[in-house]
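Residues take their numbers from the sequence shown, with the count starting at 1.
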Amino acid sequence: MTSFADKPTLHGERVLLRPIVAGDAPCMWADLADAEAMRLTGTTATFTREQIDAWAASRIDQPDRLDLAVVDRETGAWAGEVVVNDLDVDNRSCGFRIALRGSARGRGLGSEATRLLVGYVFDIVDEPSIHRIELEVYAFNERAIRTYERVGFVREGVRRDALRWGDEVTDAIIMSCLRTDPGRPRLRADALR
């Protein structure tokens with residue numbers, strides 16, 4: 001029986017996904033200085049270093065979510081994080097989010113990380129068995145929208161004027177991937193070594 005309490009390490013060609021641990025706090029803290037990442041994720045909250053330290057240290061103990069570090073296999077460096085959260089056992093669904101640092105964007109790392117984690121959730125996690133993974137992406141993040149569509153997510157709707165960023169407002173696009181979708185990611189056998 002596998003659940004979100006089990007924290008996998010997933011091996012891809014370009015990325016390694018591994019559980020976030022306390023030692024990742026400095027990387028997470030540094031990522032908060034990336035203004036473009038904050039805009040892409042709609043993050044307006046501010047955090048203290050102590051909050052980030054506590055957050056990173058607590059990820060391994062969360063039974064209802066997976067917080068994985070995205071590691072660039074070429075350099076061995078932290079590239080960002082990928083998360084499955086908002087578990088709804090009754091509806092067999094969960095949320096998905098990813099945040100990559102600037103140097104990792106536009107290199108295919110996010111696509112591979114998304115494929116690996118979505119494939120893992122659908123093909124390996126059986127308690128609870130997840131049928132639906134959903135996400136929200138802001139309309140100005142066209143690169144991410146194209147990536148999600150290539151990976152197998154389908155647009156479902158729009159939350160109009162969902163984010164106010166400075167003087168601008170933008171829509172949020174709601175997307176999902178179902179276990180039964182023919183184009184959904186499948187986990188390669190060698191990803192779980």
Sorted by chain and number, sequence neighbours left out, side chain to side chain donor-acceptor pair (under 3.5 Å) with Asn141 holds for none
Gln62 meets the side chain to side chain donor-acceptor pair (under 3.5 Å) criterion, sequence neighbours left out, with none
The complete set of salt bridge (charged side-chain N to carboxylate O under 4.0 Å, His left out) pairs with one or both residues in residues 41-55, sequence neighbours excluded, reads Arg49-Asp53
Residues passing the side chain to side chain contact (heavy atoms under 4.5 Å, CB included) test with Glu168, sequence neighbours excluded, are none
Note: Arg188-Asp123 ion pair, threshold 4.0 Å (strictly below): no
Residues at least two apart in sequence or cross-chain that pass side chain to side chain donor-acceptor pair (under 3.5 Å) with Glu134, listed by chain then number, are Arg132
Check: residues 24-34 side-chain donor-acceptor pairs under 3.5 Å, at least two apart:
unit_1: Asp24; atom_1: OD1; unit_2: Arg18; atom_2: NH2; d: 2.7
unit_1: Asp24; atom_1: OD2; unit_2: Arg18; atom_2: NH1; d: 2.9
unit_1: Asp24; atom_1: OD2; unit_2: Val21; atom_2: N; d: 2.9
unit_1: Asp31; atom_1: OD1; unit_2: Arg101; atom_2: NE; d: 2.9
unit_1: Asp31; atom_1: OD1; unit_2: Arg101; atom_2: NH2; d: 2.7
unit_1: Asp31; atom_1: OD2; unit_2: Trp78; atom_2: NE1; d: 2.8
unit_1: Asp34; atom_1: OD1; unit_2: Glu36; atom_2: N; d: 3.1
unit_1: Asp34; atom_1: OD1; unit_2: Ala37; atom_2: N; d: 3.1
unit_1: Asp34; atom_1: OD2; unit_2: Gly102; atom_2: N; d: 3.3
unit_1: Asp34; atom_1: OD2; unit_2: Arg105; atom_2: NH2; d: 2.6

Is the number of heavy atoms from other residues, nucleotides or ligands within 6.0 Å of CZ (Arg14) greater than 12?
-> no
Sorted by chain and residue number, the salt bridge (Lys or Arg N to Asp or Glu O under 4.0 Å) partners of Glu74 (sequence neighbours excluded) come out as none
Show me the side-chain donor-acceptor pairs of residues 89-98 shorter than 3.5 Å, one per line, residues at least two apart or across chains.
unit_1: Asn91; atom_1: ND2; unit_2: Asp88; atom_2: OD2; d: 2.9
unit_1: Arg92; atom_1: NE; unit_2: Ser129; atom_2: O; d: 2.9

Residue set satisfying side chain to side chain donor-acceptor pair (under 3.5 Å) with Thr147, at least two apart, ordered chain then number -> Arg150
Ion pair check, Arg107 and Asp72, cut-off under 4.0 Å: yes
So, are Arg65 and Asp67 salt-bridged, with charged N and O less than 4.0 Å apart? yes
Sorted by chain and residue number, the ring-ring contact (aromatic ring centres under 6.0 Å, His included) partners of Tyr148 (sequence neighbours excluded) come out as Phe153
Salt bridge (Lys or Arg N to Asp or Glu O under 4.0 Å) filter on Arg73, not counting sequence neighbours, yields none
By salt bridge (Lys or Arg N to Asp or Glu O under 4.0 Å), Arg155 pairs with (sequence neighbours left out) Glu149
